[in-house]
Structure formats: C-alpha cells, structure tokens
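The model shown is predicted, which means the values in this text are computed figures rather than measured ones. These values consider heavy atoms only, across backbone and side chains, with no hydrogens, waters or symmetry-generated copies. Lettering follows sequence order; numbering is per chain, from 1.
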Amino acid sequence: MKKIINAPTDVVTDALRGMAAAHPERLRVRFDPAFVARADAPVADKVAVVSGGGSGHEPLHVGFVGSGMLDAAVPGAVFTSPTPDAVRAAVGEVDGGAGTLLVVKNYTGDVLNFETAAELLEAENIGVRTVVVQDDVAVRDSTNTAGRRGVGGTVLLEKIVGAAAARGDDLASCHEIAERVSAGVRSMGMALTAPTVPHVGEPSFELADYEMEVGVGIHAEPGRERVELESADGIVWRLLEPVLDDLPFRRDDEVLLFTNSMGATPQTELYLAHGIAERFLAERGVRVTRRLVGPYITSLEMRGLSFTLLKLDDELRRLWDAPVSTPALTW
Amino acid sequence: MKKIINAPTDVVTDALRGMAAAHPERLRVRFDPAFVARADAPVADKVAVVSGGGSGHEPLHVGFVGSGMLDAAVPGAVFTSPTPDAVRAAVGEVDGGAGTLLVVKNYTGDVLNFETAAELLEAENIGVRTVVVQDDVAVRDSTNTAGRRGVGGTVLLEKIVGAAAARGDDLASCHEIAERVSAGVRSMGMALTAPTVPHVGEPSFELADYEMEVGVGIHAEPGRERVELESADGIVWRLLEPVLDDLPFRRDDEVLLFTNSMGATPQTELYLAHGIAERFLAERGVRVTRRLVGPYITSLEMRGLSFTLLKLDDELRRLWDAPVSTPALTW
Amino acid sequence: MPCTARDAAAAVRRGADAMAEHRDELVELDRAIGDGDHGENMDRGFRAVVAQLDLADPPTPGAVLKLVATSLISSVGGASGPLFGTAFLRAASSAGEVEELDGATLAASLRAAVEGVVSRGKAEPEDKTMIDALLPAVRAAEERATSGADPAEVLAAAAEAATTGARSTVPLIARKGRASYLGDRSAGHLDPGARSVALLLAAFADVTGVE
Amino acid sequence: MPCTARDAAAAVRRGADAMAEHRDELVELDRAIGDGDHGENMDRGFRAVVAQLDLADPPTPGAVLKLVATSLISSVGGASGPLFGTAFLRAASSAGEVEELDGATLAASLRAAVEGVVSRGKAEPEDKTMIDALLPAVRAAEERATSGADPAEVLAAAAEAATTGARSTVPLIARKGRASYLGDRSAGHLDPGARSVALLLAAFADVTGVE
Ligand SMILES: Nc1ncnc2c1ncn2[C@@H]1O[C@H](COP(=O)(O)OP(=O)(O)O)[C@@H](O)[C@H]1O
Ligand SMILES: Nc1ncnc2c1ncn2[C@@H]1O[C@H](COP(=O)(O)OP(=O)(O)O)[C@@H](O)[C@H]1O
Ligand SMILES: [Mg+2]
Ligand SMILES: [Mg+2]
Ligand SMILES: [Mg+2]
Ligand SMILES: [Mg+2]
C-alpha cells in the first residue's frame, strides 16, 4: 500500500490536525470525539446545519464547514460512519438555539448512528430534524437493498440548506428546503480504478486494465455493470441517460450540473467530461444554468467521476448563488 | 491506458471546451491558437499578467485566470510548452495598455517559446517583462543542467503579482515584486506513482511498490533519489530539510507554507502531511502565518506532494490576502 | 454454575481477543461484499470496551453488558456499532440488576438482544445479516435453558447454532446493509456481521465453559 | 543537379513521413530521458508543415524553408519547436531568394541552421542535444561542398554524419534540456532531438538523391 501516512489507524486524526493547522481562523477542530466546527460557532438564533459520515470522501464534509454551509462536520473512521456521541457533541457545540438540521447520507451505518444521536439530542431538548440524502440512481432496487445511496447530491444540499440557514430560515423551513433539494437531485458515478482503505491495505476491488465500473458508489460499492472502458462520449452518455430518465428531467427544465471527481481524476479529464455533458444536455433541451466542477465528494484515490443533476427554481438558484466561505467552496 | 477521453491528441482542446462551458461568466476561451482569458479583459490601464505552459498541471495556469490573478493563460499540449503565436495572441487580447508581465516556468521549451513571443510583442510595441520561476531545490546542479525547474512557487507568484497588478502597480513594479517572490520561494516534491501522458499511453516512469521518487518534477522528471517508501514524518522531513537549507529560511522568518498535491493524492493524506510540516517548521522556529493546501500544480494522475515555502514580508502578505476570484482560487 | 459480573467481564475480554485475532479475516469478508472495515470496526470497538473495563469494575452482569453497549456505540460507528450496541444495551436491560445470571435469564438477555437488532435494523431472516447468526443462537439458547441448563451450556449451544447460522449466510443474497448493493453477486460469501456474532458467542462460551 | 523549390518541398514532405513513421520511437526515446512528447511534437509540427505546403506553393527553396520554420514555431511548442524553427528560419535567410540551391549554398544554409540553434539553446557539443547530430552534419556537408558536390551528395554526407553524431550521444551525460535533470542516469540513451535531426536529414537526402 502506497500512502503518505504514519499509522494507518491514525489517518483521520492526523489529517484533522493538519486541517486545524491549515485553517486556524476558520475552523475549530475537536478530538475525542472528533468533529470540525465553524470557529465562530454557535451562531446565535441561526439554525445549525451539521453533517458527517465516514472519512475518505474529502472535502465532504469537513471541507464544507464555514459560513453559508455547515456549522459542523463529524468525520468517522475511513468509510465508517461516526458514532452518535460525536454527532451529539458537535451539535451541542454549534446549536445556536434555533435547532439543528442533520444531513445524513443514506447508508445503514450513517442512518443508525445519526438516529441514535437525534434521540440523545431530543432528550436534551435540542430541536433536531434530519434529511436523508439518497440520490444515487445506480441503485435500481430500493426494496431489496439498503436503498439508494447518498452521493453527489449531498454537496449541493449542504450548500443550499446552509444558505437557507444563513438567511435566517427556521428549522422547519430549512428542513423543507432540504427535502425539496433531495427530491430534485439525482446522481450516478463510475470508476476506472479502486481506492485503498488505509487500514485494509488492499484495493477495494479488482478491475482489469480494459474495464470500468459503472454506477460505483463512493465506498467503492459495486455499480450497475462492469463494462469495457469506453470513450468519454460513451461514459458521459452511460451516466447521464439513467440520471435524466429517473426523475425525470425534462426539456426546458432548469438544472445545476455537478461534475465530480472521485478523487484522482486529472482536472483535464473532468472538464473534458463536463463539456460533453453540457452538450448532451443541450441536445435534450435541458437548460444548465449553474455548474460545479471538481473533486467535492471523493473516494480516496479512486479515479472516475460522477454527474449530479439538480432541478433548480428561483429560490434554489438564489440559495446556490448566496455567498459561501469554507475551505473547499468559497464565493 | 485508462483515461476519460476521446482522441488522445484532442485532450487539451476538449478540456478547454469544458472549461468554457463551466465558467461562461468568468472566462473567455479561444481556440486556434488556444488560450483562456478573463471574460472582462482587457482591463484598461492595468498591467496584464499572463502565464502558460504545458497542460497536465491543472488548475495551473488556466484555473487561475480571473480578477486578482491572471489575465490570460496559454496552455500547450500535455507537458509541452505553448507556441509563441499563442502567447502573442493571448497578450494581444488582454493587454490593457499598461504592458504585460509574462510568468514563465524555467523549462527550456517554455523559456524559448516565451522569449520568441516577447520578441514578437516588442515588435508590436507592447511592453513586456518576463519573470522566470525556478524554485525547485531538487535540482542541485544548475550549471550542468537546464537549471532549476519552476514548480509550486509559480502558483504563489501568480497570486501575488496578480494582486499587485490589480491594485494598480505599473509594469516595472509588478516585475520587481515578481522577482522578489521568485527570490524568496523554494520547493521540493515527491511521487508515489507516475503519471501517464495521453498521447504516450504508458506511465512516465516505473516505480516499485515499495519505492518513492524524492525531488520529482511536475513532468515526472527524476528527482534527487529513489528510496524506499517512508512514513509521512520521514517524507515531510526529506522534503522540508533541503527546502529550508537552500534559501536558507531561518528562525523567526515569516513564511507561507504551501502543501500541494501532485494530482491524485487523497485530501486526508495532504492535510496529514501539512500538519506534520507545520510542526516541523514550528520546531525550527519558522513562523507559518499563511498557508495553501490543495492540488494547485499537478502532474496529471501522479500521486505525491510538494512543499513550497515563501518568505513573507508585510507587502507580500497583504498582496497574498488581497481578494482573488478565479475558478481554482477564490477569496 | 451461574454467571457473575466477573464471569461476564472475563467473557467480554475473551470476545475482545477474538475480535483482535480475527480482525483481518473480518476485514477480508467485508472487503468481499462490503467496504472492508468490519474487522477494524469490531476490533476498535472491543479495544474501547476493554479500556473501559480496565477503568471500571461493573458490579453486575447487566452493568458489564451496559458498559459494552455504551463503549461500542461510542467507538465503532458504521452499521455494526449501533446494531451491536443496541444488542448489548437490550441484553443489559433484560439482565437488570441481578448479581448472577442463570441459564434462563441469560437466554432472555439474548432474546432481548436479537429483538433490539431487529427493531433497529429491520432485517428479516435470510437477509444475510448478523440476524442469521443471532436468531438461531437465541433459539438454541432458549431450548437449552428450558431444559434447565446453566449459562455455560446455554452459551455453548448458542455459539454452535450461531456458527451454523453464520455459515448459512453463504448462499444468501443480501437485502440489507452495504452488501445488498451487490445483488446476486453477494451470494457465495460469508456475512461478516454474522461471523462476528459467531466468534463472540464462541469466545463467551469458551470462558464460561472453562470456569 | 541543383535543388529547386519543388525539390525542397518534396524533401520536406518526405521528412514529414519520417516523423510520422518514427513518432513512437521518438516518444520512447524521450520517455527514457525526457517527458515523452518529442515524437508527438515533431509529428504534430510536420503535419502542420504539410498542411501549409498544401495551401501554399512557395516559389523558392528559401520560401519553403521559411514556411517550415513558421509552421513548426506555431505548432510544436516545447524545446524542439523554437529550436527546429530557428534552424529552418536561419537556413531560409541564408538561402535567400535564389531559385535553386547548389551544394555550397545548401551547406551554407545548414551552417546557418546550426548557428541559430546554438544561439537560441546555448548548447555546446557533447551536451547530448540535437547539436551533436547537427554539427557533424554541417561539417560533412561543408567538406563535400568544397569539393564541388551537388545538393544530393551534400545531403547524403550530412545525413550519414548526423546518424553517427546522433549515435555518439548515447554515452553522453545530458547538460541541456530536460534530460539534464537525470544527471548520470541520462547516459546510455540516444538523444531524441539528435535522432530527429538524423531522420530528417536522411529523409531529405533520400528525396534529392532519387530525383
Ligand atoms: N439492517 C441490518 N440489520 C442487521 N444487521 C445488519 C444490517 N445492516 C448491516 N448489518 C450487519 O452489519 C455488517 C457490516 O458491519 P460493518 O462493516 O461494521 O458496517 P458498515 O456496513 O457500515 O461498513 C454486515 O455484515 C451485517 O451483518
Ligand atoms: N538547449 C538546447 N539546445 C539544443 N537542443 C536542445 C536543447 N534543449 C533541448 N534540446 C533538444 O530538444 C530535444 C527535446 O525536445 P522535445 O522533447 O520536443 O521538447 P521538451 O524537452 O520541451 O519536451 C532534446 O532531445 C534535445 O535534442
Ligand atoms: Mg463502513
Ligand atoms: Mg515537453
Ligand atoms: Mg463495512
Ligand atoms: Mg520532450
């Protein structure tokens, strides 16, 4: 295993130390239990937005802590959801009296641990609402599985609901907006290579030199199909077609197109794919008015990309455009 | 070769198309010759800052076009410097009448092509000054080589000189600041894996599973030594020691520490290394007051990192802090 | 012989050893149909349990189980953290404040544990989860307990049934947890959580059997 | 037989074919001690040259050389773009407006070319660059030209000397260009730029020899 680390089990803690050192004015980093909070938290009378999940998907979530987005993020071990007490500690520190919205990706571990945390918080009279993101259309059968996974849509949701909280929306309204985003967002990804979890030491799956995994999850979960590597045109089509059909996104719909790197995709390839996706959508009459291109929800050193489409309306667009200032996303 | 591309020789053009689609309000992308300019260029009476070089190092330089940084960037083919006519066309489009500063990384190809471009521009009565960045301390012998390579220092220099131009400095003063940055900046990098140039199709070098290349360049040029993979502590020490000794950076010096990903390094590993570097510098009494952590000057899908140290004074710090708004760097 | 707080603590420590010894095996199992962290999760969790046991001296078997539950919940994360945590928490409630567990109260604790896991995780039998080891274990335990067996015998029966139950997950297609994303491809692999249940019960039985 | 504009254009086209045929070989050479783009650079450049030749009909050998120079400069980039570009530009100036080149004016053009490369790139002999193929080629050309040889003979001599010169770069340690970063490790490899010079001169000689 080739990694720039000391002890494999200390990776998350050591990385958090680096984040603390790199962003002293912006972030307050706590250890044991570990979480990252806005340096100026709690912001009085603002709904706090808190998320978290297994590490290895950075910048999600820790890189999105800051004004206009998350008040705190709770990183678990690599690919392992955080524990309820860590979530509870984070919320306890950042809740400004207006309640907290928990943003949870739909994985059994995350759902169960955040559920327990929510119970603990309610017992402490902190108002908590939860939104569970489940935007991965690669999971076709939600009855015989743990349901659709939360992937790229999480990034967009955190930005938008963060803006709603920043403008002063109350908890119910933040929750309503979060559910609206969740209802209108769909994603699908693919991988050229597998990531290696530090404490495992071996790649999460084997893929032949001529193969790609279509519909892969951000923990290297298997996708819809393993097929021969195709041209970028073919790859974009294979991902966007099912995304469009699922909601469905229709002619004249206004959308945000998010082209995401799984971690190790060169920026040239990412922009190249983004350009193809824009043409593909234009041909179908779907109007892309906002875009995000970069590595925002990753899977360690996995190579590949995902597309996320979010249906926009005037309010969501305004919330997207609202200022944000975090280590990974700023405007 | 596993890449998300169509024809290998179209990669740069196709990626530029994607950039144009992704940043319609910010960038103006030209083809044939290819360059990327600020959408609002030329900015009248402002010194234009123009850079360029081979592609494959993104976001450098194209991602740094925008207010407070570059007026234009000229991308060559992958790992190949751009041609003089492209540089000339870019400068012709963005020069606002106050002259243009060319930021060139010290590689034979870049130096020669930009030199030719400068000659052409002078013949057109456009005032041009050039700064050649050569901050890579991995190159020990500058007499029997093409000289020190321009690496991470380029990013910092472009940000700082961009701010100087934005505040209204004239060409001579911009050039003076650029030379000051160049004189006070030093870098060194390492790699765990090699990149693959699309039109080559094979990795640029072979590295055993237990090896790392210390002192590697951003075109996968060989470094000082090929050694066994070490812990993150060991890696940081191996890179920072020669960087510190070179200028030298001394106790109580104020510095900016830039921890750069070579492209495919997971963010956890990058921040982890950054944290170690901060402790290492603190032990030596070097005062880190500004930092940059991320993939800003890369080598396609190479895994590895580099450290850059820049000596700060009040003016350079202020220029660093000045607002910047580009696809890859914004505050 | 009944099961005291000291017995329970010894059993838990033996369970921790088993998790450490089988860490890599559990990682491998989870790598095949999950995300490869199960061995690390369980090992981290039980190391936390042992660290807490070293500090505290819980007076009753129920208190030991409660300590295991809270340690696991606050150190494991993932799906297995809340699920094993709930299992031990419900077992602790069922055990109550008694000084010693006999065969019947032990079996009742196991029953409470599996019900806790079902209520949290909503898995049904043959969904290829830890339930497929836990449920037969509880049934076997109850059967032995009704015939008046002591804790050692009850646990031995539970462990044996759990091992068989875990093995029965191999041909199943996962319908819960991360393995469910594999669909048909999940068949042919042992479920890591079920394997942990079997390992833990075998370790518990081991200690109580020896003493 | 003297060298006309038509001869020069034919030679250049043959040179372009050589670059296409040897693209992968030049990539491999550059991958060993550089960044692997030399074959792609030269091939791209000469394809641009041919595209320009298809549009224009340069009236003199000098005009052909000038077209090659400007096409290379605006399409190659890298170190080889300006260096080969300068070489052809200086050769064009030296050739001037004459309708035909004889052996002597051809040799003089080659001399101007190498001087251009030296003035741009500052390489000395044995720095392991294209100079190590160009310089012996020019010397051989001049020698044949003084004994009254025609362009075909002059180019044949130049090509042969360039091939030997290119081969002589193998044991050298690079002191210019990207290969210089390898230090000692650059020894044992053929310099790609020198190889291109030899291939081009051989291709030029081939055409002028045939006609
Ligand atoms: N809904 C569920 N009900 C019961 N057990 C479950 C459920 N989901 C997952 N499991 C168990 O959890 C195990 C995986 O645990 P672990 O790998 O530690 O967590 P994660 O899946 O979050 O990575 C599975 O092998 C399975 O036995
Ligand atoms: N200073 C120089 N003088 C003469 N030739 C040089 C010099 N630097 C490099 N070269 C030649 O250029 C060749 C490399 O060209 P190429 O690979 O196309 O460009 P780059 O090095 O920019 O990638 C080398 O093999 C060498 O022959
Ligand atoms: Mg997990
Ligand atoms: Mg090159
Ligand atoms: Mg797991
Ligand atoms: Mg080269």
Side-chain angles (χ1 to χ4, degrees), chain B residues 8-9 33 52-54 56 74-89 107-117 120 136 138-149 195-205 215-224 226, chain D residues 23-24 26-28 30-45 47-48 69-86 89 116-117 119-124 126-130 173-186 193:
Chain B
T9 46
V74 192
V78 174
F79 289 4
T80 302
S81 96
T83 57
D85 60 315
V87 176
R88 172 196 186 185
Y107 299 95
T108 308
D110 293 84
V111 170
L112 295 179
N113 284 288
F114 275 85
E115 225 170 68
T116 308
L120 296 170
D136 190 350
V139 179
R140 267 186 282 216
D141 178 351
S142 307
T143 343
N144 290 311
T145 62
R148 285 190 164 175
R149 303 175 290 231
T196 296
V197 176
H199 60 249
V200 175
E202 304 276 330
S204 298
F205 55 80
V216 76
I218 55 168
H219 310 85
E221 297 98 335
R224 289 190 169 201
R226 185 166 288 193
Chain D
R23 177 190 175 284
D24 293 354
L26 294 168
V27 160
E28 270 315 298
D30 197 32
R31 206 159 74 88
I33 57 169
D35 57 355
D37 59 358
H38 186 62
E40 171 66 21
N41 291 347
M42 296 302 287
D43 185 31
R44 181 176 61 244
R47 275 186 285 114
T70 53
S71 302
L72 290 180
I73 290 175
S74 66
S75 67
V76 176
S80 47
L83 292 173
F84 276 104
T86 301
L89 205 57
V117 174
S119 74
R120 268 251 99 100
K122 313 274 182 313
E124 304 197 355
E126 312 215 329
D127 279 356
K128 197 181 184 109
T129 69
M130 60 175 72
I173 293 172
R175 279 191 298 256
K176 280 280 181 291
R178 221 176 274 284
S180 65
Y181 301 125
L182 277 163
D184 295 351
R185 285 191 267 173
S186 64

Practice item. Below 4.5 Å from any heavy atom of chain D, which atoms of Ser204(B) appear? Answer side chain, backbone, both or neither. Key: backbone

Practice item. For the pair Arg148(B) (side chain) and Val139(B) (backbone), establish whether a donor and an acceptor sit closer than 3.5 Å, ignoring hydrogens and angles. Key: yes

Point to revise | Interface moiety of Asp35(D) toward chain B, non-hydrogen atoms closer than 4.5 Å | key: both

**Study point:** Partners passing side-chain contact (heavy atoms from CB on, under 4.5 Å) against Ala89(B) (at least two apart in sequence or in another chain)
**Key:** Pro33(B), Phe35(B)

Check your understanding: Which of residues 179-186 of chain D have a heavy atom under 4.5 Å from any heavy atom of chain B?
Key -> Ser180(D), Tyr181(D), Leu182(D), Arg185(D)

Check your understanding: Is the closest side-chain heavy-atom distance between Phe79(B) and Pro198(B) below 4.5 Å?
Key -> no

Review point. Any side-chain heavy-atom pair from Thr196(B) and Glu202(B) closer than 4.5 angstrom?
Key: no

Point to revise | Structural part of Ala77(B) lying under 4.5 Å from a heavy atom of chain D | key: side chain

Check your understanding: Is it true that atom CD of Glu126(D) has more than 12 heavy atoms of other residues, nucleotides or ligands lying nearer than 6.0 Å?
Key -> no

Practice item. Pick one of side chain, backbone, both or neither for Val27(D), based on which atoms fall under 4.5 Å of a heavy atom in chain B. Key: side chain

Check your understanding: Donor-acceptor pair, Thr80(B) side chain versus Gly76(B) backbone, under 3.5 Å?
Key -> no

Revision key, fill the gap. Sorted by chain and residue number, the side-chain contact (heavy atoms from CB on, under 4.5 Å) partners of Asn113(B) (sequence neighbours excluded) come out as Ser81(B), Pro84(B), Pro82(D)

Point to revise | Full working for side chain to side chain donor-acceptor pair (under 3.5 Å) between Thr129(D) and Asp127(D) | key: CA-CA 6 Å; Thr129(D) 69; Asp127(D) 279 356; over 6 Å; no

**Study point:** For Arg47(D), all residues meeting salt bridge (Lys or Arg N to Asp or Glu O under 4.0 Å), sequence neighbours excluded
**Key:** Asp43(D)

Exercise for review: Go through Lys176(D), Arg31(D), Arg23(D), Arg44(D) and name the one with the most non-hydrogen pairs under 4.5 angstrom from chain B.
Suggested key: Arg31(D)

Check your understanding: Highest number of heavy-atom pairs under 4.5 Å with chain D: which of Asn144(B), Thr143(B), Thr108(B)?
Key -> Asn144(B)

Revision key, fill the gap. Cut-off 4.5 Å, heavy atoms of chain B, and the answer for Ser75(D) is backbone

